[in-house]
Amino acid sequence: MLETQEQRREAMFLALAQVPKGKVITYGNLAKLAGMPNGARLAGRLMCGLPANSRLPWHRVINSQGKLSLPEGSDGYCEQLKRLQQEGVEIHNGKIKLSLYAYSF
DNA sequence: CGCGGGGCGAGCT
DNA sequence: TAGCTCGCCCCGC
């Protein structure tokens, strides 16, 4: 399984869909959840390809450092930050407390 | 088919 | 805590 990129994309989306509101997940964990232990970068690549109006909670995906992995000042950065705060996720100095908001499965 | 680069991660200094 | 290096995987040249 997970041979074609279709399946991987699918798995990644399903995994992402499991992340509840008010929680966040790291690229690495998302990949693992999707059955790809080394798919962190792929996860990032996919997020990058998602349209801003996608139904998926792409904004709940952050890097293992608890930060948004986008360049500050970019549109996506603001958008993600905004949506997260809107869901009740507090951000301290651009960083999120994974110990509080990280989604575990 | 090699090479460099990316919305990554883990480990060492 | 901040940098750097190395390993992964996927893409474009």
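Sequence lines set the chain letters: A, B, ... in the order given, protein chains first and strands last, and positions in each chain run from 1.
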Whole Å only: how far is the CD atom of A:E79 from the P atom of B:dG7?
18 Å
In whole angstroms, how far is the C1' atom of B:dC8 from the OH atom of A:Y27?
9 Å
Applying the 3.5 Å cut-off to both distances, the Watson-Crick or G-U partner of B:dG7 turns out to be none
Using a 4.0 Å heavy-atom cut-off, does A:G39 contact any base of the nucleic acid, only the sugar-phosphate backbone, or nothing at all?
nothing
Can you check the distance between C:dG7 and B:dG7, where both ends of the measurement are the P atom (answer in whole Å)?
22 Å
Report the distance from atom CG of A:L42 to atom P of B:dG9, rounded to the nearest whole Å.
13 Å
A:Q80 side chain to A:G76 main-chain N or O, any donor-acceptor pair under 3.5 Å?
no
Just how far, in rounded Å, is P of B:dG4 from CZ of A:R41?
15 Å
Pair A:E87 + A:R60, salt bridge at N-O below 4.0 Å
yes
Does a side-chain heavy-atom distance below 4.5 Å link A:L81 with A:L68?
yes
Between A:K32 and A:M47, whichever has its closest DNA chain B nucleotide further toward 5' is A:M47
Whole Å only: how far is the CG atom of A:L30 from the C1' atom of C:dC9?
15 Å
Taking A:E79 first and then A:K82, would you say they form a salt bridge - that is, a charged N and a carboxylate O separated by under 4.0 Å?
no
Among A:V19, A:L98, A:V61, which residue satisfies the side chain to side chain contact (heavy atoms under 4.5 Å, CB included) criterion with A:V24?
A:L98
d(CD, A:Q65; P, B:dG9) in whole Å
8 Å
Using whole Å, report how far NZ of A:K95 lies from P of B:dG7.
21 Å
Check the distance between B:dG9's C1' and A:R45's CZ and give it to me in whole angstrom.
18 Å
Hey, does A:S74 reach any base, or is it just sugar-phosphate, or nothing, if we go heavy atoms under 4.0 Å?
nothing
Kindly say if A:S64 contacts the phosphate of B:dG9, meaning a side-chain N or O under 4.0 Å from OP1 or OP2.
yes
On DNA chain C, check which nucleotide each of A:N38 and A:Q5 is closest to and give me the residue with the more 5' one.
A:N38
